[in-house]
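Everything numeric in this text was worked out from a predicted model, so none of it was measured. When a residue number appears, it is its place in the shown sequence, counting from 1.
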Amino acid sequence: MEFGVELLTKNSSMTKLDKLFLNSEIIDITSTNKYKVGDKFVEGYLAKYKCTFEGDDFKINTRQFRSGIVEISLSYEYSNSKLKSAKKFGDFLSKFREFLGKNHLKYSILSNSLSMYFLQRLYPKFQTYESLLRKIFALALSPLEDENIIRIIKEQTNYKLDLSKIHTMEHIERLQMAELHTLIFELNINPVNNLTIHFKGFQNKDKCSLKEMIRNSLPITIWEKHFAPFTGSEKVDVLKNNYDDIREYRNDVMHFHMLTYGRYKKIDLLLSAVNKELKELEYNMLKKWDVEATRKLVNDISNQELLVSLAKTVSKVVKPAMDRFYVNDVNFNKSLKSMMEAFYSIQAPKIDPEVLKSIQGISDTMRHLGLPYTFNEPNSEEDDE
């Protein structure tokens, strides 16, 4: 079994590389096998080198094509631990790239079985992460499909609202991961959208009240308000503090970006910590989450005030373009282009509208029903304990 990497360089030749290899202080060439006529390498033939690095043996092959491009192949045969061997080859690859950089050789990586190995190891962990994230959101909305809740809401709304026909969970399952990320980690659910009104009369407030006013004015996400409390207040919120990194790492894995051993290890450790946090969150939610928690979550998601900031943005960037459009002496094409540019500049969360449609209206109904916090039977095992 072996790891291998193929590189291409065009600002060098096999002859130049041969001299650089033999005179290198970075890698130790132990043997060569070259096919030359006089002082020149024969086009299309391999030049083979064996070298040692930190006590391990590696192979370097070069081949030059008619176009002037030189292909460099690095390989490492192993028989023991694949992960430990991957680290050794990764260290050698880093040193070899340092060698290329030191000699001002520009290159591109054509293939990298080492990076593919790291990606394959990380992919299942990202699957677990996405599954857990989707699971906690589905768990949070699961009371909407509880038969007791469905029955009570139907009775108290004179059968005008039947949650069994809304299929909220199905819409959640169809959410793309980017949409779920936006919904949980980026959407600001703070209802305060007018700070002037919010801080009116602050001069007359005491220090404690001012702190509370400031705290209530800050942006807050669904994760921070509804899920983070279930991770344990005494612990560090790993997911919240590293969400941007996780999104970047997920992009690396899903789009097969090249990974070094160091970056792989960093991603692996972070995902392990995040998945552990999500499993603890799921466990705590199973014990403590109730219909009141669902009502609050639904209320925040379906809050129409969330659209206020978008409406303000539309007014700010689109209205000037509309004004120009209706001025008689303005060129039609220019004004139309201005309008299109204005619309393209609007940044809004990309969330499946069907999800919000499923939840819309449920919150207000639940708020006025006076539903109990739990729906355990009187003689359930939980009551017996």
Side-chain angles (χ1 to χ4, degrees), residues 1 3 5 54 76 78-94 109 112-142 172-173 175-187 220-289 297:
M1 296 181 289
F3 287 115
V5 173
E54 295 184 352
Y76 173 55
Y78 64 92
S79 57
N80 297 320
S81 168
K82 190 171 184 178
L83 183 58
K84 290 182 179 178
S85 300
K87 183 182 185 307
K88 291 179 180 180
F89 187 57
D91 291 341
F92 172 70
L93 177 59
S94 296
I109 297 179
N112 187 339
S113 65
L114 179 67
S115 180
M116 287 301 296
Y117 169 64
F118 293 146
L119 292 170
Q120 289 167 2
R121 286 182 64 92
L122 290 172
Y123 188 79
K125 289 202 171 186
F126 270 106
Q127 282 185 312
T128 300
Y129 163 72
E130 295 186 8
S131 175
L132 287 169
L133 197 62
R134 197 178 298 276
K135 189 185 293 185
I136 64 167
F137 198 66
L139 181 61
L141 296 178
S142 61
I172 296 301
E173 290 172 1
L175 274 177
Q176 297 294 321
M177 204 59 208
E179 294 172 330
L180 192 61
H181 275 169
T182 297
L183 188 60
I184 295 177
F185 297 106
E186 297 177 12
L187 196 65
I220 188 168
T221 64
I222 286 176
W223 173 265
E224 292 169 323
K225 183 175 180 180
H226 296 281
F227 295 137
F230 288 87
T231 61
S233 57
E234 75 282 358
K235 298 179 181 179
V236 176
D237 191 336
V238 181
L239 189 47
K240 175 188 173 184
N241 295 337
N242 296 278
Y243 163 67
D244 288 332
D245 289 337
I246 291 173
R247 185 171 53 182
E248 178 185 339
Y249 296 154
R250 180 181 179 274
N251 186 63
D252 286 343
V253 172
M254 298 304 168
H255 295 282
F256 305 102
H257 294 171
M258 297 294 181
L259 293 184
T260 63
Y261 176 81
R263 189 167 178 84
Y264 154 75
K265 201 63 183 175
K266 187 175 182 181
I267 298 173
D268 184 63
L269 290 173
L270 177 57
L271 280 179
S272 295
V274 166
N275 287 343
K276 180 181 179 182
E277 183 176 73
L278 287 173
K279 288 177 182 177
E280 292 176 354
L281 170 60
E282 179 190 2
Y283 177 75
N284 291 331
M285 286 180 66
L286 285 170
K287 291 197 304 181
K288 302 175 182 178
W289 192 271
L297 173 61

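With sequence neighbours left out, the side chain to side chain contact (heavy atoms under 4.5 Å, CB included) criterion links T260 to R263. With sequence neighbours left out, I109 forms a side chain to side chain contact (heavy atoms under 4.5 Å, CB included) with V5, L7, R97, Y107, N112, M258. Remark: N242 pairs with V238, D245, L270 by the side chain to side chain contact (heavy atoms under 4.5 Å, CB included) rule, at least two apart or across chains.
To the nearest 0.5 Å, the span separating CG on L114 from CG on L259 amounts to 9.0 Å. In this structure, N251 CG and R247 CZ are separated by 10.0 Å, a value rounded to the nearest 0.5 Å. For the atom pair CG (L278) and OH (Y129), the distance works out to 7.0 Å, reported to the nearest 0.5 Å. Between E277 atom CD and S272 atom OG the span is 13.0 Å, to the nearest 0.5 Å. With rounding to the nearest 0.5 Å, the separation of CZ in F137 from OG in S142 is 11.5 Å. Interatomic distance, I184 CD1 to R134 CZ, rounded to the nearest 0.5 Å: 9.0 Å.
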If you apply the rule side chain to side chain contact (heavy atoms under 4.5 Å, CB included), what do you find for T231 with N284, and how did you get there? CA-CA 7 Å; T231 61; N284 291 331; over 6 Å; no
Check the pair D237, W223 against side chain to side chain contact (heavy atoms under 4.5 Å, CB included), reporting the backbone distance first and the verdict last. CA-CA 10 Å; D237 191 336; W223 173 265; 3.0 Å; yes
L122 and D268: CA distance, side-chain angles, deciding distance, side chain to side chain contact (heavy atoms under 4.5 Å, CB included) verdict: CA-CA 7 Å; L122 290 172; D268 184 63; 4.0 Å; yes
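For K265, the NZ atom is densely surrounded, since the number of other residues' heavy atoms within 6.0 Å is greater than 12.
Between the side chain of S131 and the main chain of T128, no donor-acceptor pair closer than 3.5 Å is present. A donor-acceptor distance shorter than 3.5 angstrom exists from the side chain of W289 to the backbone of A140, with no hydrogens or angles considered.
Between K88 and D91, none of the side-chain N atoms (NZ, or NE/NH1/NH2) sits under 4.0 Å from a carboxylate O, so this pair counts as no salt bridge.
With E130 as the fixed residue, the side chain to side chain donor-acceptor pair (under 3.5 Å) test singles out one of H181, R250, K135, K125: R250.
Using a 30° and 60° split on the angle between ring planes, F3 and Y117 fall in the tilted class, from 30° to 60°. Between Y264 and F118, the two ring planes are parallel [angle under 30°; tilted spans 30° to 60°].
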